[in-house]
Amino acid sequence: MATAPVALAEWLGYATPPLWLELLLDVAVAGVIVTIMLLMSAIAGPWAKRKITAMFTDRIAVDRIGPFGILTIVSDAVRLMSKELIIPDGADRPAFDLAPAILPLSALLGFAVIPLGSGLQLADPEIGLVYVFAVSGIASVGMVVGGYASGSKYSLLGSMRSVAESLAYEIPLVVTAASVVLLTGTLQLSEIVAAQQGTLFSLGPIAVPAWYGFLNPFALALFLVASLAEVGRNPFDIGEAPTEIVGGYITEYSGIYFVLFFLGEFLHIFLSGAVVTTLFLGGPAGPGPEWLGILWFAVKVWAVFLFTQWCRAAVPRVRIDQMLEIGWKGLLVLSFANLVLTAIIVGVIA
């Protein structure tokens with residue numbers, strides 16, 4: 001399946017478009033993807049997160065500004081971006097300025113290879129899955145740089161916790177994803193989505209799609225738990241534990257820099273949801289015509305977001321030692337067991 005820039009070039013009558021047109025189309029498609037992701041994050045952060053948490057905890061949440069409180073998004077954006085940017089005396093200024101941009105940038109780079117549906121995909125490399133894990137891992141660099149550059153022991157401790165968490169759960173995440181690669185025989189994300197087309201089995205009028213989440217629900221569960229740790233949601237939000245280390249690596253950040261960290265957090269949650277959707281939920285597959293694909297993709301990604309918010313509201317935080325033990329002694333062992341079992345099944349079938 002052709003990527004969006006290639007499809008647009010063919011629609012304009014170019015089998016091989018000139019370099020200037022190719023760059024223009026790439027920028028245009030990238031702008032559309034970035035706009036969609038920023039809008040979703042803007043809705044999720046100031047508004048949807050509060051509404052969902054309020055539903056779980058029997059509270060009212062935001063309802064004063066606009067219908068259903070939706071204009072809280074605008075008021076919060078103005079309030080946060082107009083606040084004074086305070087630089088600590090002991091901060092390493094170049095690194096302090098750079099860190100907030102790394103988190104959102106690493107997430108947005110990951111969306112470049114995700115097939116969002118309705119033909120919206122910027123690039124489709126053969127190593128797309130490796131690329132997503134590689135660029136999303138850059139976020140750990142931003143956390144370390146932010147914690148170090150702040151000149152605060154609380155920030156430094158928070159960044160070290162976040163890196164320890166990333167190391168403990170990145171390996172199970174990748175190993176679990178490798179079990180999907182064994183089933184499909186490819187790292188190309190469009191091919192992984194294509195391999196999940198069709199029906200797994202039927203129960204009367206109900207057809208169960210051939211999504212890997214149905215074929216291997218154990219792998220889906222492992223991936224979701226590891227993803228919670230990667231995006232810092234309960235029970236694994238130990239890198240920003242306010243009762244122990246104030247706010248972790250973002251303690252000393254204010255104003256627009258705080259907004260960028262906040263934005264990066266939600267972009268990574270949606271990137272995690274996009275990867276879960278692509279690997280286990282059939283990507284943009286759904287009933288109806290193909291042009292509805294991006295709608296189904298968004299529904300699945302928001303479902304994963306709802307799951308993360310449910311965990312945030314209902315699951316208590318674990319201690320740092322418990323978090324590491326769950327990752328190294330629990331998920332790592334289970335992810336390798338899932339990989340070996342998948343390899344045996346694939347070998348027998350093949």
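Taking a 6.0 Å sphere around CH2 of Trp310, one finds it holds 12 or fewer heavy atoms contributed by other residues, nucleotides or ligands. Other residues, nucleotides and ligands place no more than 12 heavy atoms under 6.0 Å from the CD atom of Glu126. Shown here is Phe56, whose CZ atom has more than 12 heavy atoms of other residues, nucleotides or ligands within 6.0 Å. For Arg59, the CZ atom counts as densely surrounded, since its 6.0 Å shell holds more than 12 non-hydrogen atoms of other residues, nucleotides or ligands. Within a 6.0 Å sphere centred on CG of Leu12, heavy atoms belonging to other residues, nucleotides or ligands number more than 12. Residue-environment remark: OH (Tyr148) stays at or below the threshold of 12 foreign heavy atoms within 6.0 Å.
A donor-acceptor pair under 3.5 Å is formed between the side chain of Thr35 and the backbone N or O of Gly31. At distances below 3.5 Å, at least one donor-acceptor pair connects side-chain atoms of Lys51 with backbone N or O atoms of Val62. Between the side chain of Ser118 and the backbone N or O of Ile294, at least one donor-acceptor pair lies under 3.5 Å. A donor-acceptor pair is defined here as one N or O able to donate and one able to accept, closer than 3.5 Å; such a pair exists between the side chain of Asn234 and the backbone of Val315. Using modelled atom types, one side-chain atom of Gln197 and one backbone atom of Val193 make a donor-acceptor pair closer than 3.5 Å. Here the side chain of Gln196 pairs a donor or acceptor atom with the backbone of Gly282 at under 3.5 angstrom. A donor-acceptor pair under 3.5 Å is formed between the side chain of Ser254 and the backbone N or O of Glu84. Using a distance-only test at 3.5 Å, with no hydrogens or angles considered, a donor-acceptor pair links the side chain of Tyr131 to the main chain of Leu109. The backbone N or O of Leu279 lies less than 3.5 Å from no partner atom in the side chain of Tyr212, so there is not a single donor-acceptor pair.
Nearest heavy-atom pair across Leu263 and Ser41 is CD1-CB, 3.7 Å. Summarising the geometry of Gly128 relative to Leu189, their closest heavy-atom pair is C-CG, 4.1 Å, with the distance given to 0.1 Å. Contact record, Lys329 with Val333: O-CG2, 3.6 Å, taken as the closest heavy-atom pair. Among all heavy-atom pairs drawn from Thr53 and Thr57, the shortest one is O-OG1, 2.7 Å. Listed here is the closest heavy atom pair of Glu252 and Phe96: O-CZ, 3.7 Å. Taking every heavy atom of both residues into account, Ala99 and Val145 meet most closely at CB-CG1, 3.8 Å.
Proximity of Leu157 to Lys153: side-chain heavy atoms (C-beta onward) are nowhere separated by under 4.5 Å. Leu120 is listed as a side-chain neighbour of Val29, based on a closest heavy-atom distance under 4.5 Å. Side-chain contact between Trp302 and Ile43 is present, with heavy atoms from C-beta onward closer than 4.5 Å. Contact annotation: the side chain of Leu292 approaches that of Leu295 to within less than 4.5 Å [non-hydrogen atoms, C-beta and beyond]. Under the 4.5 Å side-chain criterion, counting only non-hydrogen atoms from C-beta, Thr199 is not in contact with Val208. Side-chain contact between Ser190 and Gln121: present, with at least one pair of heavy atoms (C-beta onward) separated by less than 4.5 Å. Looking at heavy atoms from C-beta onward, Pro94 lies in side-chain contact with Asp92 at the 4.5 angstrom threshold. At a threshold of 4.5 Å between non-hydrogen side-chain atoms, the residues Val276 and Leu220 count as touching.
Looking at Asp63 and Arg50, no side-chain N of the basic residue comes within less than 4.0 Å of a carboxylate O on the acidic one, giving no salt bridge.
To the nearest 0.5 Å, atoms CG (Leu267) and OG (Ser272) are separated by 12.5 Å. Between Ile326 atom CD1 and Leu332 atom CG the span is 13.5 Å, to the nearest 0.5 Å. To the nearest 0.5 angstrom, Met143 atom CE is 11.5 Å from Met160 atom CE. Put simply, CG on Leu116 and CG on Leu122 are 9.5 Å apart, with the number rounded to the nearest 0.5 Å. Rounded to the nearest 0.5 Å, atoms CZ (Arg319) and CE (Met323) are 12.0 Å apart. In this structure, Tyr249 OH and Leu103 CG are separated by 5.5 Å, a value rounded to the nearest 0.5 Å.
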Going through the distances and angles, do Leu224 and Leu228 end up as a side chain to side chain contact (heavy atoms under 4.5 Å, CB included)?
CA-CA 6 Å; Leu224 283 173; Leu228 284 175; 5.9 Å; no
Item to check | From CA spacing to verdict: side chain to side chain donor-acceptor pair (under 3.5 Å), Thr251, Ser152 | outcome: CA-CA 8 Å; Thr251 299; Ser152 164; 5.7 Å; no
request  = Could you give me the CA-CA distance, side-chain angles and deciding distance for Trp47 and Phe68, then say whether ring pair (Phe, Tyr, Trp, His ring centres under 6.0 Å) is met?
outcome  = CA-CA 9 Å; Trp47 185 75; Phe68 305 104; 7.8 Å; no
Begin from the C-alpha positions of Ile70 and Ile73 and carry the test side chain to side chain contact (heavy atoms under 4.5 Å, CB included) through to its verdict.
CA-CA 6 Å; Ile70 192 68; Ile73 298 170; 3.8 Å; yes
Self-check item: Derivation of the side chain to side chain contact (heavy atoms under 4.5 Å, CB included) call for Glu265 and Val231
Solution: CA-CA 7 Å; Glu265 176 183 330; Val231 300; over 6 Å; no
*asked:* The test is side chain to side chain contact (heavy atoms under 4.5 Å, CB included); show your working for Glu170 and Glu230 and say whether it passes.
replied: CA-CA 7 Å; Glu170 185 78 22; Glu230 285 297 300; 2.6 Å; yes
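Note on Trp11: it clusters hydrophobically with Leu24, by side-chain heavy-atom contacts below 4.5 Å among ILVMFWY residues. Residues Val32 and Leu108 share a hydrophobic cluster, clusters being chains of Ile/Leu/Val/Met/Phe/Trp/Tyr side chains in contact below 4.5 Å. The hydrophobic clustering, which links ILVMFWY residues whose side-chain heavy atoms are closer than 4.5 Å, places Met40 and Leu306 together. The same ILVMFWY cluster, assembled from side-chain heavy atoms under 4.5 Å apart, contains both Val132 and Leu182. Two different hydrophobic clusters hold Val299 and Ile36 under the rule that ILVMFWY side chains link at heavy-atom gaps under 4.5 Å.
Here Tyr253 and Phe261 bring their ring centres to under 6.0 angstrom of each other. Residues Phe262 and Phe266 bring their aromatic ring centres within 6.0 Å.
No option in Leu156, Leu324, Ile320 other than Ile320 meets the side-chain contact (heavy atoms from CB on, under 4.5 Å) test with Arg161. For the pairing with Pro172, the side-chain contact (heavy atoms from CB on, under 4.5 Å) check across Val225, Leu331, Leu334, Leu222 returns one residue only, Leu331.
Judged purely by distance below 3.5 Å, without hydrogens or angles, the side chains of Thr3 and Asp124 never pair a donor atom with an acceptor atom. No side-chain donor-acceptor contact under 3.5 Å links Thr176 and Ser335.
Relative orientation of the Phe223 and Phe280 rings is tilted, given thresholds of 30° and 60° on the angle between their planes.
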